[in-house]
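All heavy atoms count here, side chains included; hydrogens, waters and symmetry mates do not. Owing to the predicted nature of the structure, the values given are computational and were not obtained by experimental measurement.
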Amino acid sequence: MVPEMESITIATIQEKGIDSVVDWFDRHKQSFYALGWFYLQNQQQMEELFYRSILKVHKELPRYKRDTSFELWVTSIFIDNCRELSQDEVLQASEDFKSHQDLFKALDQLEDDEKGAMILTYGAGIFQEEAAQILRVSSDKLKELMFSGVMSVRKQLDGSTYNGCNEYQNNYIDYLEKTMKRPEKIEFEMHIYNCRECQEDLAAFQDVTIMLNNAEWMNDLPVPEHFIENIKDRLTEKERASQQKIKKRKNVALIIASVFAFVIGIGFFTGAFANVYYGWTEEDEQLRTFLQTDLGQRLNLEAESDGVKIKINGVVADDYQTLVFYKIEDTNEDKQYVMFSEDGVFIENESELMKHDTYPRHYPPDLKAEMNKKEKNVFYGVIGLRPLEDNSGILKLNIERIQELALDDQEARWGFGYRSNGFKTGDWKFEVPVTKQPSIVYELNEQAKIEGIPVRLDKLIMAPTATILEYGLPMGEMEKRIDRIQFGNLEVNNVKMKPDQFSGYNYLQPEANWHKYQMYYDPFYGEKPKDIAVQFQSAYFSFDEKKSIDLDLNESFPQTFEYAGSTISIDKVEIGQPTILVISNHEVENREFERLHLNVAGEDEYEPISMGMDSEGVIVDKNGVQYDMNSPTFDYEKIEQPRHFITVDTLMLDGNKTIPKRLDIYGYSSMKYLDDVVKISLD
């Protein structure tokens, strides 16, 4: 349904601006309108979908890389907006194609990725490889999503179930799409000819794909007469309003400048004004640093509920996050409270103003800050929110619940610094003006190697709220691969910045056989970067090393076997509901693996067994010291580069008296300590 389309050139965009993006969508509105209708089925939402997609394409175009086609890149943005809007408040469906509402309803019941796989491949006719890239999944995972999606839709439409042979169900997709190799195709057709259940399965499967595959009734979907014109009017109005705001700000700035030119001029020419002024007037130590470097907005917003005052002191925003600095004062008791963006804090207009392809970073309360030691009823903190879509906006911040800090060390240790059940509810509302500050991007284009595996170091981003390292890891089938890197300090101009190991890890859209990630460090306030040093502390590897162990239930347990240089024990197998299988290895010194990748096969090895798993383990630090996680003195954050070794795996096989016949090990995970430093010159 998305045909071959001519690409728009960046030069054209730069010459004509957003109008060229609008023209491109206008030429291809029919195919994209049909694609979006699978998700929304409402003209008002469809207009919003095109409006958002045009803005997003225009904004993101400088970041577009030619390693993927322009059409595929636009389709990816379009689908992201489809998924986002389909989760918003549902409007009444249009009267168009009411006869197909059962199909739309069945699609809406699917998991998000299942629905995307069905619509892109069968509905839009996009090649599987490209659909996998849009959904950010592997080709094998896409086929799984397509198969489960078709089965679910068929069951919802007429209650049909699939009773054919399990070992042949995985061939349905390749057979119908005529991509099977000749020997497999002959074997499959011979089986189908003699198996009535598989014949019925395949026919039912094909029915669903035909309903979607290049559906003529969707190609005939009428695009409203003034559809694109309405969007153009909205874009024109947005631009006009933006220009008025800029003009108003300039007028205000000129007035302020004329009044304070002499005083402020002296301060800035000597380089001391901001440092001295905010050093005297700003109590919030965290916010003060941003204000002294002219990277934040100072605010004075206050609300009170049930004797507790919350004050918004300031905000710092960029393309990666929005930081809101607050002060909470209990006017009745000596209690200190904190707030969390994921619990009790809501942005009323978040869907309108903020990006949805990122997640807020967690900022734990700074209990050691001097500002939080002065008064027992006052606490200063910061919460991280998503970044804005546009350069500025007003957040409608609603706070409904805050949490009390612990009073003594023991309670703080058990509750991670917070009182158990120490919540206070209230109604604190703010309108917070936010303006994003610009970031500076430095292209690195360097490559390092970790135990023979290449690691791309792509970009260094100097944002007001963080320093960000963008890097890549190879994707594809490999016997040994890196799942994650643990970074040490990042050194810029001989200044060391700590990494955020807990919430500073961000996964980006993959490109050209590379997984892409971002690592967040402390912000850098110095001069223009000249030299950087990237430190690798450790890496988490996955190893593909297959081994199958036949389970002989007539022999006594425990039974042992050798794997990856260790002796592993199958302690017991208890047949029941569920069936329990326990394996263990308590010797962790010099052990090659930390966790095994396991599966259990039953009497019919092609029939998958639903399985739950419970694990026990120990924590071991870099020096080989073991720690008891159940000890009251256990503090994970104080352990130097901990490794978590699984010592006992308890597998719970669903069903009534499921008989396990074989234990399959696909591979294992292991962390390796590193001491590698990559130095890069930016000159």
Side-chain angles (χ1 to χ4, degrees), residues 289 320 361 439-475 478-508 510-543 590 592-594 619-625 636-644 669-683:
T289 304
Y320 303 94
R361 293 173 60 202
S439 304
I440 303 175
V441 179
Y442 297 91
E443 299 288 343
L444 301 180
N445 299 320
E446 292 283 337
Q447 191 171 107
K449 280 197 173 182
I450 296 180
E451 301 218 345
I453 299 176
V455 178
R456 271 185 8 192
L457 302 176
D458 296 333
K459 296 177 183 178
L460 181 70
I461 303 171
M462 295 295 183
T465 65
T467 303
I468 304 167
L469 177 67
E470 195 167 297
Y471 65 100
L473 297 175
M475 60 191 301
M478 296 178 288
E479 292 185 358
K480 176 183 176 182
R481 59 188 178 275
I482 299 176
D483 293 327
R484 184 176 176 184
I485 298 173
Q486 192 90 355
F487 288 90
N489 292 331
L490 176 69
E491 198 168 305
V492 180
N493 295 354
N494 297 319
V495 177
K496 292 183 178 180
M497 290 166 292
K498 295 180 180 179
D500 184 346
Q501 301 287 16
F502 295 98
S503 61
Y505 175 80
N506 187 30
Y507 179 69
L508 302 177
E511 60 175 40
N513 298 319
W514 288 84
H515 292 294
K516 296 192 65 178
Y517 307 90
Q518 289 177 334
M519 187 66 204
Y520 282 68
Y521 298 83
D522 295 337
F524 178 73
Y525 303 112
E527 298 177 353
K528 178 181 178 180
K530 297 179 180 178
D531 300 288
I532 70 170
V534 181
Q535 180 185 6
F536 301 109
Q537 277 192 344
S538 59
Y540 295 85
F541 292 86
S542 283
F543 296 83
N590 299 322
E592 185 67 23
F593 59 89
E594 293 172 40
I619 297 294
V620 181
D621 68 12
K622 189 175 183 180
N623 300 313
V625 178
Y636 186 85
E637 294 186 14
K638 292 183 179 180
I639 300 175
E640 183 182 6
Q641 294 185 257
R643 300 178 70 182
H644 186 196
S669 298
S670 180
M671 187 182 95
K672 305 289 185 182
Y673 293 116
L674 307 172
D675 191 21
D676 300 348
V677 176
V678 178
K679 296 183 178 180
I680 303 172
S681 174
L682 299 180
D683 290 338

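Under the 3.5 Å distance criterion, the side-chain polar atoms of N493 are matched with a main-chain donor or acceptor of K528. A donor-acceptor pair under 3.5 Å is formed between the side chain of Q641 and the backbone N or O of Q537.
Atoms CG and NZ, from D522 and K496 in turn, are 13.5 Å apart once rounded to the nearest 0.5 Å. Remark: D676 CG to K449 NZ distance equals 13.0 Å, nearest 0.5 Å. Once rounded to the nearest 0.5 Å, the distance linking CZ of R361 with CG of D500 reads 4.5 Å. The distance from atom CZ of R484 to atom OG of S538, rounded to the nearest 0.5 Å, is 9.0 Å. Atoms CG and CD1, from L473 and I485 in turn, are 4.5 Å apart once rounded to the nearest 0.5 Å. To the nearest 0.5 angstrom, F541 atom CZ is 6.5 Å from I450 atom CD1.
For Q447, the side-chain hydrogen bond (donor to acceptor under 3.5 Å, both in side chains) test picks out no residue, with sequence neighbours left out. Listed by chain and residue number, nothing satisfies the side-chain hydrogen bond (donor to acceptor under 3.5 Å, both in side chains) test with T467 (two or more places apart in sequence, or in another chain). Judged as a ring pair (Phe, Tyr, Trp, His ring centres under 6.0 Å), and not counting sequence neighbours, the contacts of F487 are Y471, F536. Taking the side chain to side chain contact (heavy atoms under 4.5 Å, CB included) definition, one finds that K679 meets it with A533, V677, sequence neighbours left out. Applying the side chain to side chain contact (heavy atoms under 4.5 Å, CB included) criterion to Y507, with sequence neighbours excluded, gives P510, H515, Y517. Judged as a side-chain hydrogen bond (donor to acceptor under 3.5 Å, both in side chains), and not counting sequence neighbours, the contacts of K480 are E451. With sequence neighbours excluded, the residues satisfying side chain to side chain contact (heavy atoms under 4.5 Å, CB included) with S439 are D318, Y320, I461, A463, P464. The salt bridge (Lys or Arg N to Asp or Glu O under 4.0 Å) test applied to K530 returns no partner, not counting sequence neighbours. Judged as a side-chain hydrogen bond (donor to acceptor under 3.5 Å, both in side chains), and not counting sequence neighbours, E446 has no contacts. Looking at residues two or more places apart in sequence or on another chain, you find a side chain to side chain contact (heavy atoms under 4.5 Å, CB included) between E640 and K622, N623. When the salt bridge (Lys or Arg N to Asp or Glu O under 4.0 Å) test is applied to D458, the partners found at least two apart in sequence or on another chain are R456. Residues that satisfy the salt bridge (Lys or Arg N to Asp or Glu O under 4.0 Å) test with R643, not counting sequence neighbours, are E594.
Scanning both residues, N489 and Y521, for their nearest heavy atoms gives C-CE2, 4.1 Å. When all heavy atoms of A466 and Y520 are compared, the pair lying nearest together is CB-CD2, 3.6 Å. Contact between L444 and L457 at its shortest, heavy atoms only, is CB-O, 3.3 Å. Nearest heavy atoms, R481 versus I453: CA-CD1, 3.9 Å. When all heavy atoms of F543 and S670 are compared, the closest pair comes out as CE1-CB, 4.1 Å.
Within a 6.0 Å radius of CG in D675, other residues, nucleotides and ligands contribute 12 heavy atoms or fewer. For K498, the NZ atom counts as loosely surrounded, since its 6.0 Å shell holds 12 or fewer non-hydrogen atoms of other residues, nucleotides or ligands.
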Note to self: If you apply the rule side chain to side chain contact (heavy atoms under 4.5 Å, CB included), what do you find for L682 with L460, and how did you get there?
What the structure shows: CA-CA 10 Å; L682 299 180; L460 181 70; 4.3 Å; yes

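Using a 4.5 Å cut-off on side-chain heavy atoms (C-beta onward), V455 and V678 make no contact. Taking 4.5 Å as the limit, every side-chain heavy atom of P642 sits out of range of all side-chain heavy atoms of V620.
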